[in-house]
Amino acid sequence: MAFSRVFSDPPSKSIFRTFAVMLLSILASLYFLHCLTKRCGTCIPTERRETSPVEGFYVSKLKDFESLSRKRLQKWTSTGHLVMRRHSLIHRLERVSEEDLPGIEANKHIFQAHVKLSNSLDVDLEPVGSYFDTGKLSALGEGSKKLPQAIIIGVKKGGTRALLEFLRVHPDIRAVGAEPHFFDRNYDNGLDWYRDLMPKTLEDQITMEKTPSYFVTCEAPARIYTMSRDTKLIVVVRDPVTRAISDYTQTLSKKPDIPTFESLTFKNRTTGLIDTSWSAIQIGIYAKHLDNWLQFFPMSQILFVSGERLISDPAGELGHVQDFLGLKRIITDKHFYFNQTKGFPCLKKAEGSSKPHCLGKTKGRTHPNIDPQVVQRLRDFYRPFNMKFYQMTGRK
């Protein structure tokens with residue numbers, strides 16, 4: 001009777017409660033682990049900024065490269081110093097200007113054809129010294145961002161964009177595509193902001209930038225000196241009269257309703273008094289601006305490149321620049337051809353491209369016809385300043 005009474009009683013409610021709590025605890029633990037493995041649909045995704053299709057393509061490829069192990073890279077580089085052929089489209093990811101993006105989009109197929117990501121690291125590599133070597137393994141995420149050791153500081157409409165594009169062919173030069181304007185417009189942003197604009201470089205590579213307005217900015221010499229007194233400075237100069245007309249032509253293309261060149265040149269056309277407050281005229285007084293730079297930098301740290309010879313003999317001028325930067329003369333005649341339509345030299349194959357490359361349509365504009373008497377008056381005006389500039393630099 002006692003036995004039947006024990007088994008006839010209903011189980012204790014506390015046992016069910018305990019069992020239910022344990023089951024819920026186990027389920028909660030499994031759910032927590034599920035979320036930790038990023039499979040939980042309620043987890044908040046990391047906020048990402050919106051990228052353009054071109055940039056997004058290269059961001060994904062660059063991340064793929066960075067995920068490759070160093071051991072695999074060492075396997076390929078142990079036989080000698082190697083560079084990646086036509087790899088530098090990746091470089092464009094690092095601070096490109098808007099005008100660069102169409103070119104990157106057009107050359108995307110080169111990247112896809114010559115850089116195949118696979119378990120065997122099927123990357124097209126070849127020894128240093130190849131005709132179109134344009135960079136090193138820093139494209140794979142190696143290296144670090146540094147402040148520039150050399151800056152093209154001027155002058156506007158002198159040929160600075162051409163010089164920079166030609167120099168970017170050199171494997172030991174990495175340069176920013178867009179003009180940073182740090183030492184004239186963005187100085188308050190600080191050196192960390194400026195450094196972050198720079199591309200990554202290896203230890204033996206030179207970081208460069210170009211902003212032509214630095215040459216005529218009074219504060220720029222002191223600011224660059226404060227950053228580094230060893231900075232090498234490059235100035236592209238050309239005939240100041242031709243430069244002024246080119247400057248006016250550029251403005252005219254953007255503002256067709258501006259006054260004529262002749263009316264802007266003179267304060268008083270009758271007396272022939274030149275208006276030196278007009279920037280197109282003022283920039284060409286090279287001796288005046290150079291005086292400002294010589295207060296901080298010796299002449300040995302400033303290289304003057306002839307804008308005229310950059311057109312007639314690009315390899316010769318690039319030879320002087322490479323010597324000045326302490327680099328091997330890799331950029332030679334074989335890199336250029338003369339474009340009869342544009343009237344200036346172009347690269348047979350530019351950085352990150354398998355096709356000939358000329359500067360954009362904004363370069364090489366046809367100049368308006370200027371009254372010959374106005375041109376002669378300007379030549380007379382600039383002559384004493386040119387003579388002083390020749391004496392200061394020792395070069396005509």
Side-chain angles (χ1 to χ4, degrees), residues 88 90-101 103-104 134-136 138-139 143-217 219-237 289 293 296-297 301-305 307 310 317-318 321-322 324-327 331 350-352 359-360 363:
S88 56
I90 308 171
H91 294 178
R92 303 292 187 88
L93 188 63
E94 300 165 340
R95 303 294 175 185
V96 296
S97 60
E98 290 183 4
E99 64 185 31
D100 290 328
L101 290 178
I104 299 174
T134 56
K136 299 183 179 177
S138 57
S144 59
K145 294 186 176 185
K146 303 179 182 70
L147 293 169
Q149 297 104 308
I151 303 175
I152 300 174
I153 60 173
V155 299
K156 180 184 178 184
K157 307 309 296 179
T160 58
R161 172 55 62 181
L163 178 61
L164 185 69
E165 291 302 309
F166 295 163
L167 285 174
R168 290 173 79 171
V169 173
H170 200 293
D172 290 328
I173 292 177
R174 298 295 313 285
V176 184
E179 296 175 3
H181 283 281
F182 176 66
F183 295 104
D184 56 352
R185 303 177 190 170
N186 299 306
Y187 193 66
D188 290 341
N189 289 340
L191 285 175
D192 289 340
W193 177 89
Y194 184 46
R195 184 188 290 107
D196 192 52
L197 298 180
M198 302 300 138
K200 288 183 177 180
T201 54
L202 298 177
E203 187 175 349
D204 58 346
Q205 289 180 311
I206 292 176
T207 301
M208 289 188 67
E209 71 114 316
K210 78 105 176 169
T211 304
S213 53
Y214 290 163
F215 188 64
V216 297
T217 300
E219 299 84 4
R223 289 172 174 177
I224 294 177
Y225 182 86
T226 300
M227 177 188 73
S228 173
R229 64 181 66 186
D230 298 320
T231 305
K232 292 186 176 182
L233 309 172
I234 300 174
V235 188
V236 186
V237 292
H289 304 301
W293 288 90
F296 296 89
F297 294 93
Q301 278 179 238
I302 307 175
L303 176 69
F304 295 93
V305 175
L310 198 58
E317 286 301 288
L318 267 292
V321 177
Q322 291 170 92
F324 176 69
L325 296 175
L327 299 175
I331 307 171
E351 178 195 27
L359 297 180
K363 307 298 179 182

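Since we're looking at a predicted model, the values are computed, not measured.
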Subject >> Check: Ile173 and Leu325 side chains under 4.5 Å, non-hydrogen atoms >> reply: yes
**OP:** Could you list the residues that satisfy salt bridge (Lys or Arg N to Asp or Glu O under 4.0 Å) with Glu317, not counting sequence neighbours?
**Re:** Arg309, Arg395
Subject >> Leu310 vs Leu318, side chain to side chain contact (heavy atoms under 4.5 Å, CB included): CA-CA, chis, key distance, verdict >> reply: CA-CA 8 Å; Leu310 198 58; Leu318 267 292; 3.7 Å; yes
**OP:** Give, for atom OH of Tyr187 and atom CZ of Arg223, the distance between the pair rounded to the nearest 0.5 Å.
**Re:** 6.0 Å
Original post:
Where do Met198 and Val176 land on the side chain to side chain contact (heavy atoms under 4.5 Å, CB included) test, with the steps shown first?
Top reply: CA-CA 6 Å; Met198 302 300 138; Val176 184; 3.5 Å; yes
Original post:
Which atom names give the shortest non-hydrogen contact between Pro180 and Leu197, and what distance separates them?
Top reply: CB-CD1, 3.8 Å
**OP:** Mind checking the CG-NZ spacing from Asp196 to Lys145? Nearest 0.5 Å is all I need.
**Re:** 4.0 Å
Original post:
Got a sec, which residues hit side chain to side chain contact (heavy atoms under 4.5 Å, CB included) with Arg185, two or more places apart in sequence or on another chain?
Top reply: His181
**OP:** Side-chain contact test, heavy atoms from C-beta onward, threshold under 4.5 Å: evaluate it for Ile224 versus Phe297 and give yes or no.
**Re:** yes
Original post:
If you measure from CG on Leu167 to CD1 on Ile234, what distance do you get to the nearest 0.5 Å?
Top reply: 6.0 Å
Subject >> Test item: Thr201 and Asp172 side chains (from C-beta on) under 4.5 Å apart, heavy atoms >> reply: no
**OP:** Identify, with sequence neighbours excluded, every residue that meets side chain to side chain donor-acceptor pair (under 3.5 Å) alongside Asp188.
**Re:** none
Subject >> Non-hydrogen side-chain atoms of Ile153 and Trp293 separated by less than 4.5 Å >> reply: yes
**OP:** List in chain and number order the residues that pass side chain to side chain contact (heavy atoms under 4.5 Å, CB included) with Pro212, two or more places apart in sequence or in another chain; answer none if no residue qualifies.
**Re:** Lys156, Thr160, Glu179, Lys210
Original post:
If you look at every heavy atom in Pro221 and Phe296, which pair is closest and at what distance?
Top reply: CB-CD1, 3.7 Å
**OP:** Using the test ring-ring contact (aromatic ring centres under 6.0 Å, His included), find all partners of Phe324 that sit at least two apart in sequence or belong to another chain.
**Re:** none
Original post:
Do Pro148 and Thr231 touch side chain to side chain, with heavy atoms closer than 4.5 Å?
Top reply: no
**OP:** Not counting sequence neighbours, which residues clear side chain to side chain donor-acceptor pair (under 3.5 Å) with Thr217? List them please.
**Re:** none
**OP:** Please step through side chain to side chain contact (heavy atoms under 4.5 Å, CB included) for the pair Ile152 and Met208, ending with a clear verdict.
**Re:** CA-CA 8 Å; Ile152 300 174; Met208 289 188 67; 3.9 Å; yes
Original post:
How would you list, by chain and number, every residue that makes a side chain to side chain donor-acceptor pair (under 3.5 Å) with Ser144, sequence neighbours excluded?
Top reply: Lys146
Subject >> Point-to-point distance, once rounded to the nearest 0.5 Å, from OG1 of Thr207 to CD1 of Ile151 >> reply: 10.5 Å
**OP:** Applying ring-ring contact (aromatic ring centres under 6.0 Å, His included), name anything that partners Phe183, two or more places apart in sequence or on another chain.
**Re:** Tyr194, Tyr214
**OP:** Go through the structure and list residues passing side chain to side chain donor-acceptor pair (under 3.5 Å) with Arg195, not counting sequence neighbours.
**Re:** Asp192
Original post:
For Lys232, which residues count as a salt bridge (Lys or Arg N to Asp or Glu O under 4.0 Å) partner, sequence neighbours excluded?
Top reply: none
**OP:** Provide the closest heavy-atom pair for Ser213 versus Asp184 in the form atom of the first, atom of the second, distance.
**Re:** OG-OD2, 2.5 Å
Subject >> Closest non-hydrogen atom pair, Arg174 against Pro199 >> reply: NH2-CB, 3.4 Å
